[in-house]
Q: 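Would you mind keeping the following structure in view while I ask a few things?
Just so it is clear, the structure is predicted and the values come from calculations on it, not from any experiment.
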Amino acid sequence: MISRRKIKYSVSPTLRQYLYHFDRLRDIPLVYDDLARFAGSMPYEDPRGKETLWLTVFYPQELMLELRPQLTKIYAELKIGGESDLHEHLTVDRIDFGEFGNSRPFRIRITNLYNDNSDYFYVKQADASRIYGLELEHILSPNRINYLINGNTLIEEHIAGVPGDVFLKNHLPRPELNKVRIAKEFTKFNERCFIRLLGDMRSVNYVVDITPDFEEVQYRVRPIDFDQQSYERRGKTYLAYRFDSNKTVTKVAFDVLNRKTIEQYVAEERSQMTRRAKVESTRLKALLGVMRREELAPREHVITLANDLEKYHGTDVFHDCKTMGELTAAHISLMLDL
């Protein structure tokens, strides 16, 4: 359903100007290339002892002496604006590398020496598609996204939650789980991704945030991979329920929700997204204005997706779209009635 390796698009001067205006562009150390100079690695195992796709990497002592203060400085900039006297008690506990994905991420574990509490952030290669995905998530979803960029180095805050594949395997079958609530949230998540054309929402590319409430448990599905923002050519790749890895939760949704209820939740999500778009109208207009002028996918992807969306919606509003940015702006406008 998806391209095996997405084309990487550089961050244009116009997009950098937008990022500067909205305080995403910061003078942080350019560490990605140095992090790629690791001398050895070993498979990272999760707390249950199961091997993962991550590799824990090791560095020569002299390089690690350079990286450690740079990485703690980045963490402080991401969290508290870079106050130097507030990150002297932080240390780099572990660095993991992901060979998977387009951004080839490094996951940095930061530990507070006073209380042994740990947190994570990610260092990735800057890619325009991913940045547009992060911005659209920040503007149109109920979630706030914290990230910084400088040069080819993209810094992202860790998004907490149970990985989607783990949730579907270990949590969904539990008899005490409120299936209606997770079905409702997955329906709304599917709609959010489709409206803003975020593709490849397989179960490994989102997390489920579980929050105990005073009577029931609340769920929120959050994307963690934004590389496939407005890139794929087929409309079905923007519908999370069409992926095989999501079959179990899709079946649950159709089992416990009738058509009228699904339509209600879809209408709720569109209404909430419309409100967010109006509140952030200046920012959204600026972002889509830059996005319209940039090449974010091969021309044949734009043509094929425009045809798919025209068939889906029964309209010809996408006929004259020349870029993925134009197509994305037109789709958001059509579905949110902006």
Side-chain angles (χ1 to χ4, degrees), residues 1-2 42-56 93-94 96-101 103 105-111 116-122 137 141-143 145 156-194 198-228 237-257 261-262 265 269:
M1 288 179 67
I2 60 170
M42 62 180 292
Y44 169 75
E45 296 180 349
D46 67 19
R48 297 184 299 261
K50 183 179 178 182
E51 205 168 284
T52 69
L53 295 175
W54 291 92
L55 298 172
T56 297
D93 192 26
R94 195 181 72 239
D96 303 320
F97 173 60
E99 291 184 296
F100 55 87
S103 56
F106 288 91
R107 181 175 61 192
I108 316 299
R109 176 176 159 127
I110 298 290
T111 298
D116 289 330
N117 185 54
S118 298
D119 195 8
Y120 301 87
F121 70 92
Y122 297 85
E137 179 73 5
S141 85
N143 312 306
I145 299 293
E156 291 182 29
E157 188 176 54
H158 176 66
I159 297 175
V162 179
D165 56 335
V166 175
F167 180 88
L168 299 185
K169 180 181 178 181
N170 298 334
H171 292 256
L172 193 62
R174 294 179 181 177
E176 70 273 15
L177 180 131
N178 189 322
K179 290 182 169 56
V180 171
R181 291 206 171 194
I182 190 60
K184 171 185 177 181
E185 176 53 30
F186 188 76
T187 299
K188 300 181 85 170
F189 168 71
N190 180 80
E191 189 68 9
R192 282 198 300 274
C193 294
F194 182 58
L198 176 61
D200 193 19
M201 282 299 104
R202 293 170 291 164
S203 59
V204 295
N205 288 334
Y206 61 80
V207 296
V208 182
D209 184 9
I210 305 173
T211 306
D213 204 352
F214 71 100
E215 284 187 345
E216 290 280 357
V217 175
Q218 298 283 357
Y219 304 96
R220 175 170 292 173
V221 184
R222 298 190 59 180
I224 57 173
D225 190 331
F226 301 91
D227 289 337
Q228 301 290 334
T237 60
Y238 300 99
L239 295 165
Y241 77 87
R242 297 293 296 271
F243 286 92
D244 287 344
S245 63
N246 294 325
K247 275 184 176 179
T248 53
V249 69
T250 299
K251 184 179 184 304
V252 166
F254 284 119
D255 285 345
V256 302
L257 303 178
T261 305
I262 291 174
Y265 294 151
E269 190 58 35

Q: Can you name the residues that form a side chain to side chain donor-acceptor pair (under 3.5 Å) with Asn117, not counting sequence neighbours?
A: none
Q: Under the salt bridge (charged side-chain N to carboxylate O under 4.0 Å, His left out) definition, can you give me all pairs with a residue in residues 246-257, not counting sequence neighbours?
A: Asp244-Lys247, Lys251-Asp255
Q: Identify, with sequence neighbours excluded, every residue that meets side-chain contact (heavy atoms from CB on, under 4.5 Å) alongside Ile262.
A: Thr187, Phe254, Leu257, Val266
Q: Report the residues that fulfil ring-ring contact (aromatic ring centres under 6.0 Å, His included) with His158, sequence neighbours left out, ordered by chain and then residue number.
A: Tyr120, Tyr122
Q: Who are the salt bridge (Lys or Arg N to Asp or Glu O under 4.0 Å) partners of Glu137, not counting sequence neighbours?
A: Arg196
Q: Looking at residues at least two apart in the chain, or sitting in another chain, which of them share a salt bridge (Lys or Arg N to Asp or Glu O under 4.0 Å) with Asp209?
A: none
Q: Please enumerate all residues that pass side chain to side chain donor-acceptor pair (under 3.5 Å) together with Thr56, with sequence neighbours excluded.
A: Asp96
Q: In chain order, what residues pass the ring-ring contact (aromatic ring centres under 6.0 Å, His included) check against Phe189, with sequence neighbours excluded?
A: Tyr206
Q: Excluding sequence neighbours, so at least two apart, what forms salt bridge (Lys or Arg N to Asp or Glu O under 4.0 Å) with Asp93?
A: Arg109
Q: For residues 168-183, which residue pairs pass the salt bridge (charged side-chain N to carboxylate O under 4.0 Å, His left out) check, not counting sequence neighbours?
A: none
Q: Name all residues meeting the salt bridge (Lys or Arg N to Asp or Glu O under 4.0 Å) criterion together with Glu185; count only those two or more places apart in sequence or in a different chain, and write none if there are none.
A: Arg192
Q: Partners of Phe186 by ring-ring contact (aromatic ring centres under 6.0 Å, His included), sequence neighbours excluded?
A: none
Q: Using the side-chain contact (heavy atoms from CB on, under 4.5 Å) rule, pick out the option among Val162, Val207, Val221, Val249 that qualifies with Phe167.
A: Val162
